[in-house]
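Here's the structure we're looking at; comments come further down.
Note that this is a predicted model, so its numbers are computed, not measured. Whatever order the structure lists ligands and atoms in, that order sets their numbers, starting from 1.
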Amino acid sequence: MSNATPSTAIYELGSDFYDEVLPAQFPQAILRYRNQAAAQEVDLGELTAPAWAEHFCHFKALPDNLKMPVALRYHGHQFQSYNPDLGDGRGFLFAQFQTPHRLLDLGTKGSGRTPWSRSGDGRLTLKGAFREILATELLESYGVPTSRTFSVFETGESLERHDEPSPTRAAVLVRLNHSHVRFGTFQRLAFLKQPDNIRKLIRYCVCHFYPELANLPDAEQAARFLQAVSQKTAALAAAWMMAGFVHGVLNTDNMNITGESFDYGPYRFLPTYDPQFTAAYFDRSGLYCFGRQPYSVLWNLHQLGAALASAYPDLPVAELLEDFSADFSFEVHQRLLKRLNLRNPLQDPAGIQTLNADLVANLFNYMIAEKVSFEQTFFDLHSGGIESRLQRSPLKDFYKQNSFAKLKSTLESFEIADARHAQHPYFQQSKACTVIIDELESLWQPIAENDDWAAFERKLAEIRSFRGVYNYP
Ligand code: AMP
Ligand code: MG
């Protein structure tokens, strides 16, 4: 039983915020992915296969929902340069659902051209969709706040891309997200000097995503809203760091106000810990490399703050964002303990902090010195590094070396947090589940060559097999 009801909340904002658009007409609708668990959460689990295609490939409106798709307007900093020509160029908001807690959006990628397409074709490659499915499924299993891929259809079109062997197959993807309000949605309003619309958008965000701020006076609400977004964003950045995830393109149009990761382009999961690891081949300076991600999102928060300040000139942006770094460290500690299934047994706050910080430092020093697989190390050290598990790891020889001794003794200062998680079948295996680039390419190859999806389906089952063990909080 679901508690989701159709919603048209976006209409509260009015037509300054979006453009009604028509979806592309696709020659074919070949279902490649249907997220049944997500569908049930928004009461769409019962849709028949033809109805699913009608709605999520041909975009026939859902009952009591948006009458027409709307392409959302936004700007943003791309690689720290302001771009006033963005907006949904190959996607739109298709439907909304009200759940007991929050509003959910169904948005698309690859659904056709819009007024914001510029010279683009409005399309998504099948490989892009395949990559986004893997990212969202794995991040969800690692407990990272993420959009979920809802549906993918192959559309029968072929596309030209300079970064894929072309012509290449096309797809249309639907994602389920906690809002598509981007930092860049606010930036556009500041750029256009529309303070009333900034206030309106804050009210929309507060009403649907931060209701605990609803009764505050305007200026204070804006301040608390910025702080709340900062806190969520710090938690998101910490979650990425503890999942070895490199988003790749942390532009302000790719960050939303609910602290949920979305829009997966050239992302990577780290093979080994390397702060300078850069995901996007076009990120030549390494601006969005793994280790810089917290700084990048903080820079983005300052842009959001500047946009809010254009409507509230007294907003003390720098002061309001001062807690980011403490929030980030706190979240790193909590996330790490969750990922290792550990509990800090100390009582005094200073002692807790020191021991947690030692764990972070010793773990990352060890990983950088030994260049060991990122995810395998997290997997092996789950529940503190149980000896029998270390013995069957592909990395077992590393655990006999002196370099591991310091980390081992720090791990011994912690307790197992949840004995049931230590017993989970996933942790009885010897190998961690990850999707580093070589494996991703080898999963793609049979699809590209023989339209054989079997290895991909097996990988999804593996990724889902440990869902829940890393859920946080
Ligand atoms: P992204 O890098 O996917 O976050 O996209 C950045 C901007 O480019 C957004 O405004 C997108 O809508 C737009 N965009 C990206 N790819 C295409 C495309 N193939 N056709 C039209 N617009 C696109
Ligand atoms: Mg984007």
I'd like a table of donor-acceptor pairs (distance under 3.5 Å, sequence neighbours excluded) in which one partner is a side-chain atom from residues 270-283, with atom names and distances.
residue, atom, partner, partner atom, Å
D274, OD1, Q276, N, 2.9
T278, OG1, Q276, O, 3.0
Y281, OH, H162, NE2, 3.1
D283, OD1, G286, N, 3.2
D283, OD1, L287, N, 2.9
D283, OD2, L287, N, 3.4
D283, OD2, Y288, N, 2.8

Note to self: Is there a side-chain contact between V360 and V332 in this structure, where contact means two heavy atoms from C-beta onward sitting under 4.5 Å apart?
What the structure shows: yes
Notebook entry, point to check: Centres of the Y82 and H77 rings: under 6.0 Å?
Noted result: yes
Note to self: Holding to ring pair (Phe, Tyr, Trp, His ring centres under 6.0 Å), I want the full list of residues that pass it with W444, two or more places apart in sequence or in another chain.
What the structure shows: F130
Next item on the list: Kindly state whether the ring of F186 and the ring of F225 have centres lying under 6.0 angstrom apart.
Entry: yes
Note to self: Under 3.5 Å, is there a donor on one side chain and an acceptor on the other for E12 and H208?
What the structure shows: yes
Next item on the list: Using 2.8 Å as the cut-off, note every protein N, O or S atom close to the Mg ion (ligand 2).
Entry: N254 OD1, D263 OD2
Item checked: Nearest-0.5 Å distance, CG of residue L126 to OG of residue S158 -> 12.0 Å
Item checked: Electrostatic pair R224-E212, nearest N-O below 4.0 angstrom -> no
Check: Of the options W52, F26, F92, which is the one that meets F59 in a ring pair (Phe, Tyr, Trp, His ring centres under 6.0 Å)?
Finding: F92
Note to self: Using a 4.0 Å cut-off on heavy atoms, what residues surround ligand 1? Order them by chain and number.
What the structure shows: Y74, Q78, L86, G87, D88, G89, R90, S117, R118, G120, D121, G122, R123, R161, D253, N254, D263
